[in-house]
Visitor: 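Once you've had a glance at the structure underneath, I'll fire off some questions.
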Amino acid sequence: SFIYAANNGAVIAQNSWEYAWTGSEGQLTATDKAAIDYFVEKAGTDGMGTQTGPLKGGIVIFATGNSDLNEKVLPASYEPVFSVSSYGPDYRKAAYSNYGYWVDVTAPGGRGEYADGKQVFSTYPQGLYGFMEGTSMACPHVSGIAALVVSKYGLNTDGTVKPGFTNDDLKD
């Protein structure tokens, strides 16, 4: 999916999945690593490496997971990835959110029961909507902000590509 997305114009890849927790730090599979690396390097460019999209190189954004672990969780802790943990309505780390020095940013992920209104309003299957909580709710906030930044700094006012804006610029 990362390779397909990069080859078809995507420059932001949002992800809310993780490897199963085994109790010890594992390794990223070779295929997942290669696919993420491809997206980070090739998204927004043509076969010659010339920028064709609003961002030269892509950003891969991952939710950190909901196990309240102060341990690296893959693929969110993979260095090229931009990892997102979650805070609750009290602006503190959500009780479920994975955390650690490897996390890049935290965003609102909700906390509490459906009835108390402290969750994030989100989409459900079959065109429905409802309230949810988790780092998977925080991750879209960051992807949305990334898209706004890319539209501001990666495109001219007429919608054409403004060359020179990179995935490192976006992270900064």
Side-chain angles (χ1 to χ4, degrees), residues 1-6 10-40 43 55 57-151 167-172:
S1 62
F2 290 112
I3 293 168
Y4 178 86
V11 293
I12 299 170
Q14 178 192 295
N15 298 267
S16 292
W17 58 274
E18 65 182 280
Y19 288 179
W21 176 248
T22 61
S24 63
E25 190 175 324
Q27 292 184 349
L28 200 60
T29 67
T31 52
D32 286 344
K33 181 182 181 305
I36 290 169
D37 290 346
Y38 183 93
F39 191 89
V40 168
L55 187 64
I59 186 167
V60 177
I61 301 170
F62 263 93
T64 61
N66 303 317
S67 303
D68 189 29
L69 296 173
N70 183 11
E71 300 285 338
K72 286 185 170 184
V73 177
L74 291 168
S77 65
Y78 179 47
E79 181 60 35
V81 165
F82 198 79
S83 59
V84 182
S85 66
S86 180
Y87 65 82
D90 60 357
Y91 302 103
R92 295 175 183 238
K93 182 190 87 61
Y96 53 79
S97 185
N98 291 345
Y99 60 101
Y101 69 90
W102 53 274
V103 174
D104 292 299
V105 71
T106 187
R111 184 70 186 148
E113 297 300 320
Y114 172 82
D116 68 14
K118 294 180 180 172
Q119 294 184 333
V120 177
F121 198 57
S122 186
T123 58
Y124 273 78
Q126 301 173 342
L128 300 174
Y129 296 89
F131 289 94
M132 299 176 72
E133 68 180 16
T135 58
S136 294
M137 297 295 98
C139 203
H141 287 88
V142 175
S143 296
I145 290 169
L148 290 170
V149 172
V150 167
S151 70
N167 52 6
D168 288 332
D169 295 330
L170 174 59
K171 286 181 182 180
D172 288 345

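Below, all heavy atoms of this structure are taken into account, side chains as well, without hydrogens, waters or symmetry copies.
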Visitor: Any donor-acceptor pair under 3.5 Å linking the side chain of Asn167 with the backbone of Val40?
Guide: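 Pair found, side chain donor or acceptor close to backbone of Val40.
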Visitor: Would Leu170 and Val150 count as a side-chain contact (heavy atoms from CB on, under 4.5 Å) if you check the C-alpha gap in whole Å, the side-chain angles of each, and the deciding distance to 0.1 Å?
Guide: CA-CA 7 Å; Leu170 174 59; Val150 167; 3.8 Å; yes
Visitor: Give the C-alpha distance, both sets of side-chain angles, the deciding distance and a yes or no for salt bridge (charged side-chain N to carboxylate O under 4.0 Å, His left out) between Asp68 and Lys93.
Guide: CA-CA 9 Å; Asp68 189 29; Lys93 182 190 87 61; 2.8 Å; yes
Visitor: Kindly give the heavy-atom pair with the smallest separation between Ser122 and Met137, and that separation in Å.
Guide: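 Result for this residue pair: CB-SD, 3.6 Å.
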Visitor: My understanding is that only residues two or more places apart in sequence, or in another chain, count here; which of them pass ring-ring contact (aromatic ring centres under 6.0 Å, His included) with Phe39?
Guide: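 ring-ring contact (aromatic ring centres under 6.0 Å, His included) check on Phe39 returns nothing, list empty.
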Visitor: How far apart are the C-alpha atoms of Leu28 and Tyr19, what are their side-chain angles, what is the distance that settles it, and do they pass the side-chain contact (heavy atoms from CB on, under 4.5 Å) test?
Guide: CA-CA 9 Å; Leu28 200 60; Tyr19 288 179; 3.3 Å; yes
Visitor: Regarding Ser86 and Tyr96, is there a side-chain donor-to-acceptor distance under 3.5 Å anywhere?
Guide: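 On atom types as modelled, these side chains qualify, holding a pair under 3.5 Å.
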Visitor: Please report the closest heavy-atom contact between Ile36 and Pro75, naming both atoms and the distance.
Guide: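 Reported closest heavy-atom pair: CD1-CB, 4.2 Å.
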Visitor: Any side-chain heavy atom of Lys171 sitting closer than 4.5 Å to one from Ile59?
Guide: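 They are in contact (side-chain heavy atoms under 4.5 Å apart), so the answer is yes.
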Visitor: Go through the structure and list residues passing side chain to side chain donor-acceptor pair (under 3.5 Å) with Ser97, not counting sequence neighbours.
Guide: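 If we apply the side chain to side chain donor-acceptor pair (under 3.5 Å) test to Ser97, skipping adjacent residues, there are no hits.
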Visitor: Measure the shortest side-chain to side-chain distance between Glu71 and Tyr99 over non-hydrogen atoms and say whether it is less than 4.5 angstrom.
Guide: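 Not in contact.
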Visitor: The test is side-chain contact (heavy atoms from CB on, under 4.5 Å); show your working for Arg111 and Glu133 and say whether it passes.
Guide: CA-CA 6 Å; Arg111 184 70 186 148; Glu133 68 180 16; 3.2 Å; yes
Visitor: Tell me which pairs pass ring pair (Phe, Tyr, Trp, His ring centres under 6.0 Å) where either residue lies in residues 66-89, with sequence neighbours left out.
Guide: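 Applying ring pair (Phe, Tyr, Trp, His ring centres under 6.0 Å) to every pair that reaches into residues 66-89, excluding sequence neighbours, yields Tyr87-Tyr91.
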Visitor: Applying side chain to side chain contact (heavy atoms under 4.5 Å, CB included), name anything that partners Val103, two or more places apart in sequence or on another chain.
Guide: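 Thr64, Ser83, Ser85.
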Visitor: Distance check, rounded to the nearest 0.5 Å: Ser77 atom OG versus Leu74 atom CG?
Guide: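 Nearest 0.5 Å value for the OG-CG distance: 4.0 Å.
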Visitor: Which residues satisfy the side chain to side chain donor-acceptor pair (under 3.5 Å) test with Asp169, sequence neighbours excluded?
Guide: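 Thr166.
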Visitor: Can you name the residues that form a side chain to side chain contact (heavy atoms under 4.5 Å, CB included) with Phe121, not counting sequence neighbours?
Guide: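 If we apply the side chain to side chain contact (heavy atoms under 4.5 Å, CB included) test to Phe121, skipping adjacent residues, the hits are Tyr129, Phe131.
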Visitor: Kindly write out the residues that satisfy side chain to side chain contact (heavy atoms under 4.5 Å, CB included) with Tyr124, not counting sequence neighbours, or none if the list is empty.
Guide: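 If we apply the side chain to side chain contact (heavy atoms under 4.5 Å, CB included) test to Tyr124, skipping adjacent residues, the hits are Leu128, Met132.
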Visitor: Are Phe62 and Val84 close enough, and set up right, to give a side-chain contact (heavy atoms from CB on, under 4.5 Å), and what steps lead you there?
Guide: CA-CA 6 Å; Phe62 263 93; Val84 182; over 6 Å; no
Visitor: Ignoring hydrogens, what is the shortest heavy-atom contact between Tyr101 and Lys72? Give both atom names and the distance.
Guide: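 Minimum heavy-atom separation between Tyr101 and Lys72: OH-CE, 2.8 Å.
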Visitor: Using the side-chain hydrogen bond (donor to acceptor under 3.5 Å, both in side chains) rule, collect all pairs that involve residues 134-149, keeping only residues at least two apart or in two chains.
Guide: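 Listed by first then second residue: Gln14-Ser143, Ser16-Ser136, Asn66-Thr135.
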Visitor: Restricting to salt bridge (Lys or Arg N to Asp or Glu O under 4.0 Å), what partner residues turn up for Asp104, sequence neighbours left out?
Guide: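 Counting only residues at least two positions away or on another chain, Asp104 forms no salt bridge (Lys or Arg N to Asp or Glu O under 4.0 Å).
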Visitor: Not counting sequence neighbours, list each pair that qualifies as a salt bridge (Lys or Arg N to Asp or Glu O under 4.0 Å) and has a residue in residues 29-38.
Guide: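 Qualifying pairs, neighbours excluded: Lys33-Asp37.
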Visitor: Quick one: does any side-chain atom of Tyr38 pair with a main-chain N or O of Phe2 as donor and acceptor, under 3.5 Å?
Guide: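 Between the backbone of Phe2 and the side chain of Tyr38 there is no qualifying donor-acceptor contact (under 3.5 Å).
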Visitor: State, with a plain yes or no, whether a side-chain heavy atom of Asn15 is found less than 4.5 Å away from one of Val60.
Guide: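 With C-beta onward as the side chain, the pair touches.
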